[in-house]
Amino acid sequence: MERILSGTYDVGNSGLQEKKNKIFLLLKIKIPKLSQQLDETKIVGIDLGINIPLYAALNDNEYNGIAIGSRDKFLKERERFEKQYKELQSSLRYSTQGGRGRKHKLQALERFNEKERNWVHTQNHIFSKAVIEYAKVNHAGIIQMENLSNFGHEAKDKFKYILRHWSYYELQTMIEYKALRENMKVRYVNPYHTSQKCSFCGHYEEGQRISQTTFICKNPECKKGKGKQLSDGSYQGINADWNAARNIALSADFKK
């Protein structure tokens, strides 16, 4: 509001909306793009994961990446909300069969849903801000994410988890508008095989992601995709989330 009043931001076509006896101002503002040195050959790939909510990696860096968010905290909160909602729903089941006061009793469920939505909304703001900051620090001009629009009930475990527990569309939308404000581009890529393909040699084979945290390339000629070799001749592997994020950053299989 201070920036609007000072003239830094322009106001667009705004309006008023009445909801639940409250009046909301739907304020549309025009935020000027920031002028900064960005390199469009530098691309940040964002992997939405199970072990870590987000992992960011660069297309031109073979070791650096950043984990964003805590999976345990995120999942624990969502499970807590789910449990409390079911308990509240169960307690209201027999007291809302009809008659007077039914609407008032159901408002408790509405308020609880709103509380959960607000928590997820806040987390998405925190995550999206961290993504933009990582891109800015590395002067990246492009951010790439997976297009999950066609992933439904047939999705693999990773995507089932994301679709069930996350407002991923809201998160991606936040990243989009914050990137636009920083004069960065956002592109979406095909998520097929991003978790199972080696980001160093491009080799794809089932079972290369041996766990949620570890990836080991099965291409005999690839050394970087195996990680450090141990004394018994086996390999330590590389971070699976980083490998997936780097594949997303390197991908040219764009989706609208």
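Computed from heavy atoms alone, side chains included, the values below leave out hydrogens, waters and symmetry copies.
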>> Test side chain to side chain contact (heavy atoms under 4.5 Å, CB included) on Asp253 and Tyr192; report intermediate values, then the result.
In response: CA-CA 10 Å; Asp253 188 3; Tyr192 194 57; 6.0 Å; no
Which residues share a salt bridge (charged side-chain N to carboxylate O under 4.0 Å, His left out) with [X], sequence neighbours left out:
| X | result |
| --- | --- |
| Asp60 | Lys42 |
| Glu133 | Lys136 |
| Lys224 | Glu62 |

Grab the two heavy atoms, one from [X] and one from [Y], that are nearest each other, plus how far apart they are.
| X | Y | result |
| --- | --- | --- |
| Gly225 | Cys198 | CA-SG, 3.9 Å |
| Ala67 | Ile52 | CB-CD1, 3.6 Å |
| Arg3 | Ser6 | O-OG, 3.1 Å |
| Gln196 | Tyr204 | CB-CE1, 3.4 Å |
| Gly45 | Ala249 | N-CB, 3.4 Å |
| Asn219 | Cys201 | ND2-SG, 3.5 Å |

Treat each ILVMFWY residue as a node, draw an edge where side-chain heavy atoms are under 4.5 Å apart, and state whether [X] and [Y] are in one component.
| X | Y | answer |
| --- | --- | --- |
| Ile68 | Val186 | yes |
| Leu250 | Ile248 | no |
| Phe127 | Val120 | yes |

> Ignoring hydrogens and geometry, is there a side-chain-to-backbone donor-acceptor pair from Thr194 to Pro191 under 3.5 Å?
Replying inline: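 Flag set: sc Thr194 to bb Pro191 pair under 3.5 Å.
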> Residues two or more places apart in sequence or in another chain: which of them pass ring-ring contact (aromatic ring centres under 6.0 Å, His included) with Phe200?
Replying inline: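 So Phe200 forms a ring-ring contact (aromatic ring centres under 6.0 Å, His included) with Trp242.
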> Among all residues two or more places apart in sequence or in another chain, which pass the ring-ring contact (aromatic ring centres under 6.0 Å, His included) test with His203?
Replying inline: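 In terms of ring-ring contact (aromatic ring centres under 6.0 Å, His included), with neighbours along the sequence ignored, His203 is linked to no residue.
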> Side chains of Asn243 and Ser199: donor-acceptor distance under 3.5 Å anywhere?
Replying inline: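 The answer is yes; a qualifying pair exists.
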>> Under 3.5 Å, is there a donor on one side chain and an acceptor on the other for His139 and Gln37?
In response: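 On atom types as modelled, these side chains do not qualify, holding no pair under 3.5 Å.
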So, using side chain to side chain contact (heavy atoms under 4.5 Å, CB included) as the criterion, who are the partners of [X] when residues are at least two apart?
| X | result |
| --- | --- |
| Leu5 | none |
| Gln236 | Lys228, Leu230 |
| Gln172 | Leu48, Met145, Tyr168, Tyr188 |
| Ala135 | Val44, Ala140, Ile143, Met184 |

> Testing Leu148, Val189, Asn190 for side-chain contact (heavy atoms from CB on, under 4.5 Å) with Lys255, which one passes?
Replying inline: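 One option only clears the test, and that one is Asn190.
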>> Taking the side chain as everything from C-beta on, heavy atoms only, tell me whether Tyr235 gets closer than 4.5 Å to Lys223.
In response: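 The answer is yes, as the side chains (C-beta and beyond) meet within the 4.5 Å cut-off.
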> Can Ile216 and Lys218 be said to form a side chain to side chain contact (heavy atoms under 4.5 Å, CB included), step by step?
Replying inline: CA-CA 6 Å; Ile216 298 178; Lys218 292 186 177 182; 5.9 Å; no
Under 3.5 Å, side-chain donor or acceptor atoms of residues 11-32 against the rest of the protein: list the pairs with distances, not counting sequence neighbours.
unit_1: Ser14; atom_1: OG; unit_2: Gly12; atom_2: O; d: 3.4
unit_1: Ser14; atom_1: OG; unit_2: Lys28; atom_2: N; d: 3.1
unit_1: Lys20; atom_1: NZ; unit_2: Glu110; atom_2: OE1; d: 3.1

>> Before you tell me yes or no, could you show the steps for Gln144 and Arg187 under side chain to side chain donor-acceptor pair (under 3.5 Å), namely the whole-Å CA-CA distance, both residues' side-chain angles and the distance that decides it to 0.1 Å?
In response: CA-CA 5 Å; Gln144 293 190 172; Arg187 297 191 299 213; 2.7 Å; yes
> To which residues is Ile43 joined in a hydrophobic cluster, defined by side-chain heavy-atom contacts under 4.5 Å among Ile, Leu, Val, Met, Phe, Trp and Tyr, whether direct or through other members?
Replying inline: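 ILVMFWY cluster around Ile43 also holds Ile142.
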> Who else is in Tyr177's hydrophobic cluster (ILVMFWY, side-chain heavy atoms under 4.5 Å, direct or via others)?
Replying inline: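 Result for Tyr177 is Met174.
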